[in-house]
Amino acid sequence: MYLLKIYLQAPVDVPVLSDKFWYLTKDRTFALPCPFNNRGNYVISLSQLTRWMGVKAEELGVEIYPGFAAGEVLYDSNDNVVGVGTNDMGISKDGSKKETFQHGVELKGKLTLLAEGCRGSLSEKIISKYNLRGKVQAQHQTYALGIKEVWEIDESKHEPGAVLHTLGWPLDHKTYGGSFVYHMKDRQVSIGLVIALNYQNPYLNPYEEFQKFKHHPAIKSLLEGGTVIQYGARTLNEGGFQSIPYPVFPGGAIVGCSAGFLNVPKIKGTHTAMKSGMLAAEAAFSVLSEGSSMVVYYDFLRKSWIWEELKKARNYRPVAKLHTPIEYPRADGILSFDVPTSLHRSNTNHEHDQPAHLQLRDPTIPELVNLPEYAGPESRYCPARVYEYVPDENGVLKLQINAQNCLHCKACDIKDPQQNIEWTVPEGGGGPGYSVM
Ligand SMILES: Cc1cc2nc3c(=O)[nH]c(=O)nc-3n(C[C@H](O)[C@H](O)[C@H](O)COP(=O)(O)OP(=O)(O)OC[C@H]3O[C@@H](n4cnc5c(N)ncnc54)[C@H](O)[C@@H]3O)c2cc1C
Ligand code: SF4
């Protein structure tokens with residue numbers, strides 16, 4: 001009864017009422033039989049739901065520290081994970097301590113559950129340290145980048161609960177990806193384009209592809225007269241069932257998208273993230289109360305609908321290959337926008353005077369390899385224009401990293417041709433400030 005009362009208050013109130021699937025050419029739209037069945041699902045704002053859940057969890061006694069990022073994994077002398085450490089705060093760009101300096105804190109527990117989302121920094125370290133992929137012969141993970149906006153549109157065009165997915169234009173037939181358009185409540189529409197990060201043409205610019213997409217006649221007519229209220233970007237797992245690592249390590253477990261529990265063809269992972277969290281909690285309970293092992297989490301997962309659903313969705317996707325320069329149209333400021341305008345709408349905020357959280361393993365690679373061989377792809381795949389090649393006093397192009405703009409999408413950690421960029425957590429609390437995404 002208590003749970004039902006809570007559930008009824010949750011910001012989950014727009015049921016899916018229609019489900020369309022289109023193939024787009026530059027000017028035309030072809031309706032296809034919809035391969036998804038979203039009836040019974042709801043169109044929601046995840047940031048609003050998690051904020052609401054956070055309050056409920058605190059009411060139940062859970063302590064939440066939103067202003068602190070976990071920067072390192074803590075181990076005991078037997079290499080068991082015993083918790084996480086937060087970064088030191090108040091360090092300036094040059095590495096000196098500011099007046100506000102505070103040591104990071106160690107958060108230790110009998111069990112540590114990692115839920116960092118796609119390409120979690122600590123989760124990836126743990127997967128590699130304990131060879132969690134090798135343990136179950138999992139394939140390496142693959143990724144896509146999703147660029148998204150929330151629009152407020154004209155009342156007459158708004159259909160709460162309407163869901164549309166498209167394939168085709170603006171992506172060519174060798175580039176894997178597609179769009180989504182979800183009508184939320186209050187005249188809001190969530191619209192986005194997802195592009196597999198294994199695209200081969202270094203000239204492709206996911207941000208610009210998304211800007212272009214909004215100019216398709218069928219999409220333009222929906223958005224015209226509306227305004228953008230938020231912008232954001234994030235990577236998502238694409239490897240599916242075959243890429244799920246063994247999700248248990250000595251001292252804890254991995255849940256949600258950090259373990260790759262995303263239904264790839266549906267681009268849905270909220271339900272599997274939540275369910276995996278619930279199963280990990282049940283396993284943790286049995287460890288703490290009965291002294292069993294977290295291995296039961298893996299058993300629970302394999303017996304759950306997560307396994308059945310993800311197994312059915314395996315072997316879904318083809319591979320892209322293309323190498324021609326692309327000229328993108330200028331933003332018109334009505335449907336399409338330049339990056340600084342979009343960035344402003346993401347509410348991204350980082351303390352400026354701190355060491356860059358984006359580190360180059362070898363600082364010479366951008367100019368020696370990325371620029372001459374790949375035409376500097378980081379200046380295009382980053383949806384926040386963090387990476388810019390700017391001429392120095394001799395007119396030689398040098399990579400400049402505007403780390404304060406970072407949207408934490410993790411694309412650079414994945415897409416850099418030489419795997420030269422290491423994404424570390426910035427000072428706690430920094431990052432995008434989504435409120436309706
Ligand atoms: C464009 C796009 C559209 C999508 N559409 C849908 C959809 O319609 N339906 C659906 O079900 N799913 C959708 N998904 C997938 C869905 O967002 C994810 O599957 C889901 O959010 C995964 O939940 P999670 O808790 O594992 O990770 P996340 O939701 O990513 O949450 C992880 C949280 O941990 C924080 N974090 C990460 N590292 C640290 C650290 N070291 N210290 C402290 N905090 C940290 C992050 O900031 C984040 O708040 C979409 C994804 C994208 C990118
Ligand atoms: S710097 Fe990396 S993580 Fe940040 S927005 Fe750009 S691509 Fe994404």
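Remember, it's 1-based here, ligands and their atoms both numbered in the order they're listed. It should be emphasised that the depicted structure is a prediction, and the values quoted were computed from it without experimental measurement.
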Within the 3.5 Å criterion, strictly below it, is a donor on E378 or N370 matched to an acceptor on the partner's side chain?
yes

Proximal atoms of ligand 1 relative to G117 (non-hydrogen, under 4.0 Å):
26 (O), 27 (O), 28 (P), 30 (O), 32 (C)

Which ligand 1 atoms are under 4.0 Å away from a heavy-atom of Y182?
8 (O)

Answer yes or no: does atom CD of E308 have more than 12 heavy-atom neighbours from other residues, nucleotides or ligands under 6.0 Å?
no

Can you find an N or O of K148 that's nearer than 3.5 Å to an N or O of ligand 1?
no

Atom indices of ligand 1, in the order listed, that fall short of 4.0 Å to a heavy atom of V425:
41 (N)

Closest protein heavy atom (residue, atom, distance) for atom 9 (N) of ligand 1
K268 CD, 3.3 Å

Tell me, which protein residue and heavy-atom name are nearest atom 25 (O) of ligand 1, and how many Å apart are they?
A273 CB, 4.2 Å

Can you tell me if R234 uses its side chain to pair, donor with acceptor, with the backbone of C118 under 3.5 Å?
yes

Quick one about S243 and H140 (side-chain donor to acceptor, distance below 3.5 Å, no hydrogens or angles considered), yes or no?
no

Would a search of protein heavy atoms around atom 44 (N) of ligand 1 find one under 4.0 Å away?
no

Quick one: nearest non-hydrogen protein atom to atom 38 (N) of ligand 1, plus distance?
E116 CB, 3.4 Å

Non-hydrogen protein atom less than 4.0 angstrom from atom 22 (C) of ligand 1
yes

Donor-acceptor side-chain pairing of Y203 and E327 below 3.5 angstrom
no

Distance only, no hydrogens: is a donor on one side chain within 3.5 Å (strictly under) of an acceptor on the other, for T166 and S179?
yes

Which bit of L262 gets closer than 4.0 Å to ligand 1, counting heavy atoms only: side chain, backbone, both or neither?
side chain

Can you pull out the closest protein heavy atom to atom 3 (S) of ligand 2? Residue, atom name and distance to 0.1 Å, please.
K410 N, 3.1 Å

How would you list, by chain and number, every residue that makes a ring-ring contact (aromatic ring centres under 6.0 Å, His included) with W169, sequence neighbours excluded?
H216

So, regarding A70 and ligand 1 (criterion: nitrogen or oxygen to nitrogen or oxygen, under 3.5 Å), is there a contact or not?
yes

Parallel, tilted or perpendicular: which one describes the rings of H408 and H350, with boundaries at 30° and 60°?
tilted

Decide whether an N or O pair under 3.5 Å exists between T235 and ligand 1.
no

Numbered in order shown, the ligand 1 atoms found under 4.0 Å of a heavy atom of I267 are 5 (N), 6 (C), 7 (C), 9 (N), 10 (C), 12 (N), 13 (C), 14 (N)

Do the ring planes of F213 and F210 sit parallel (below 30°), tilted (30 to 60°) or perpendicular (above 60°)?
parallel

Can you report which non-hydrogen protein atom sits closest to atom 16 (C) of ligand 1, along with the distance?
T270 OG1, 4.0 Å

Could you list the atoms of ligand 2 found under 4.0 angstrom from a heavy atom of W423?
3 (S)

For residues 81-91, run the donor-acceptor check on the side chains, cut-off 3.5 Å, and write out each pair with its distance to 0.1 Å, sequence neighbours left out.
| from | atom 1 | to | atom 2 | distance (Å) |
| --- | --- | --- | --- | --- |
| T86 | OG1 | V105 | N | 2.8 |
| N87 | ND2 | V425 | O | 3.1 |
| D88 | OD1 | G104 | N | 2.7 |

Under 4.0 Å from atom 49 (O) of ligand 1, can you find at least one protein heavy atom?
no

More than 12 non-hydrogen atoms from neighbouring residues, nucleotides or ligands closer than 6.0 Å to NZ on K97, yes or no?
no

Counting no waters, how many protein N/O/S atoms sit under 2.8 Å from atom 6 (Fe) of ligand 2?
1

Sub-6.0 Å ring centroid separation between F300 and Y298
no

Have Q404 and N402 got a donor and an acceptor in their side chains that come within less than 3.5 Å?
no

Counting each atom of ligand 1 from 1 as listed, which ones have a heavy atom of G256 under 4.0 Å away?
26 (O)

So is A115 touching ligand 1 or not, going by heavy atoms under 4.0 Å?
yes

Establish, from distance only, whether the side-chain atoms of D19 and N38 form a donor-acceptor pair under 3.5 Å.
yes

Going by a strict under-4.0 Å cutoff (protein heavy atoms only), does atom 40 (C) of ligand 1 have a neighbour on the protein?
yes

Parallel, tilted or perpendicular for H183 and H158, by the 30°/60° rule?
parallel

Taking ring-ring contact (aromatic ring centres under 6.0 Å, His included) as the definition, give me every residue that meets it alongside H271, ordered by chain and number, with sequence neighbours left out.
W305

With atoms numbered from 1 as shown, which atoms in ligand 1 lie under 4.0 angstrom from a non-hydrogen atom of C257?
18 (C), 19 (O), 22 (C), 26 (O)

L46 heavy atoms within 4.0 Å reach ligand 1 at atoms 21 (O)

Looking at the rings of Y231 and Y207, which for Trp means the six-membered one, are their centres under 6.0 Å apart?
yes

Within ligand 1, which atoms have a heavy atom of L236 less than 4.0 Å away?
2 (C), 51 (C), 52 (C), 53 (C)

